[in-house]
Novice: 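Take a look at the following structure, please.
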Amino acid sequence: MNRIHHQLYITAEWISQYALSIEAPLQSIQGILMAPATMPIIFWQEFHIPWIDKNESLIHGSQYFSYKAAITEGMVLDCELALTKVERKAGRQGTLTLFTHELTCTCNGKPIVTAETVLIRVGDKH
């Protein structure tokens, strides 16, 4: 299916801003700032995603994170966002299209996090 890549530099400021926005406490490992577990949800903002219409309203269906290591300040993450499944279902408000995405991030070739996200479009737009 569709895949795009982007490299992200994780700064202490970015971690702090995100933690503040969700009212999460700042945590560190041996003096190095650690990102809140849900931070990968904002990584999408750094991608140009050609299969998603920015003017279209989507509903957040679900999100799942699987960590191999913590995201910490100073990391350079190599991230791949993939559209892994498109599924159409009948719903009370019309046709539902479920878009399943997988975001995989590595640092120096080592797996860090995989996040699966389902976004839902209501209506018959193709």
Side-chain angles (χ1 to χ4, degrees):
M1 292 223 156
N2 296 306
R3 295 180 185 281
I4 53 177
H5 297 87
H6 197 67
Q7 194 171 67
L8 302 171
Y9 178 63
I10 308 301
T11 65
E13 181 181 21
W14 198 16
I15 291 171
S16 297
Q17 288 173 350
Y18 179 71
L20 181 64
S21 76
I22 63 167
E23 299 180 358
L26 288 175
Q27 297 180 325
S28 62
I29 301 171
Q30 298 176 343
I32 299 171
L33 204 55
M34 184 172 68
T38 57
M39 190 167 172
I41 65 172
I42 66 167
F43 292 176
W44 286 55
Q45 297 169 5
E46 304 299 317
F47 283 86
H48 168 71
I49 306 169
W51 59 86
I52 293 179
D53 180 353
K54 292 185 186 234
N55 298 317
E56 179 177 39
S57 294
L58 297 171
I59 300 167
H60 187 263
S62 65
Q63 187 109 35
Y64 171 79
F65 300 96
S66 176
Y67 276 89
K68 300 294 183 193
I71 296 173
T72 57
E73 67 177 285
M75 280 185 162
V76 176
L77 296 179
D78 290 306
C79 298
E80 178 183 83
L81 180 64
L83 176 63
T84 59
K85 184 164 84 171
V86 178
E87 185 178 9
R88 294 175 61 87
K89 295 183 176 187
R92 284 181 266 154
Q93 298 178 354
T95 302
L96 302 176
T97 306
L98 286 72
F99 300 93
T100 303
H101 295 85
E102 184 175 85
L103 175 69
T104 304
C105 299
T106 62
C107 183
N108 297 322
K110 296 179 183 171
I112 301 297
V113 63
T114 300
E116 182 179 278
T117 302
V118 177
L119 300 175
I120 303 167
R121 178 178 63 214
V122 179
D124 289 323
K125 183 179 175 185
H126 295 279

Novice: Taking side-chain hydrogen bond (donor to acceptor under 3.5 Å, both in side chains) as the definition, give me every residue that meets it alongside His48, ordered by chain and number, with sequence neighbours left out.
Specialist: none

Novice: For Thr72, give me all partners under side-chain hydrogen bond (donor to acceptor under 3.5 Å, both in side chains), at least two apart in sequence or on another chain.
Specialist: none

Novice: Please tabulate, for the side chains in residues 76-83, all donor-acceptor contacts under 3.5 angstrom to protein atoms that are two or more places apart in sequence or on a different chain.
Specialist:
unit_1 : atom_1 : unit_2 : atom_2 : d
Asp78  : OD1    : Gln7   : NE2    : 2.8
Glu80  : OE1    : Arg3   : NH1    : 2.9
Glu80  : OE2    : His5   : NE2    : 2.8

Novice: If you define the side chain from C-beta out and look only at heavy atoms, does anything of Ile120 sit under 4.5 Å from Thr97?
Specialist: no

Novice: Which pairs of donor and acceptor atoms, one on a side chain in residues 20-39, lie under 3.5 Å apart (sequence neighbours left out)?
Specialist:
unit_1 : atom_1 : unit_2 : atom_2 : d
Ser21  : OG     : Tyr18  : O      : 2.7
Thr38  : OG1    : Tyr18  : OH     : 2.7

Novice: By the side-chain hydrogen bond (donor to acceptor under 3.5 Å, both in side chains) test, which pairs, at least two apart or in different chains, include something from residues 106-116?
Specialist: none

Novice: Please report the interatomic distance CD1(Ile4) to CG(Asn2), rounded to the nearest 0.5 Å.
Specialist: 8.5 Å

Novice: Going from CZ on Arg88 to CG on Leu96, what distance comes out if it is rounded to the nearest 0.5 angstrom?
Specialist: 9.5 Å

Novice: Just how far is it from atom CG of Leu103 to atom CD of Gln63, taken to the nearest 0.5 Å?
Specialist: 8.5 Å

Novice: Can you list every ring-ring contact (aromatic ring centres under 6.0 Å, His included) pair that touches residues 56-99, not counting sequence neighbours?
Specialist: none

Novice: My understanding is that only residues two or more places apart in sequence, or in another chain, count here; which of them pass side-chain hydrogen bond (donor to acceptor under 3.5 Å, both in side chains) with Thr11?
Specialist: none

Novice: How are the rings of His101 and Trp51 set to each other: parallel, tilted or perpendicular (split at 30° and 60°)?
Specialist: parallel

Novice: Could I get the full list of ring pair (Phe, Tyr, Trp, His ring centres under 6.0 Å) partners for Phe47, not counting sequence neighbours?
Specialist: His6

Novice: When rounded to the nearest 0.5 angstrom, what is the spacing between CD1 in Ile71 and SG in Cys105?
Specialist: 6.0 Å

Novice: For residues Leu98 and Leu119, determine if any side-chain heavy atom of one lies less than 4.5 Å from a side-chain heavy atom of the other.
Specialist: no

Novice: Test: ring-ring contact (aromatic ring centres under 6.0 Å, His included). Region: residues 75-98. Which pairs qualify, not counting sequence neighbours?
Specialist: none

Novice: For Glu13, which residues count as a side-chain hydrogen bond (donor to acceptor under 3.5 Å, both in side chains) partner, sequence neighbours excluded?
Specialist: Gln17

Novice: Just verifying a value: how many Å separate Gln45 CD and Phe43 CZ, rounded to the nearest 0.5 Å?
Specialist: 10.5 Å

Novice: CD1/Ile10 to CD1/Ile15 distance, rounded to the nearest 0.5 angstrom?
Specialist: 6.5 Å

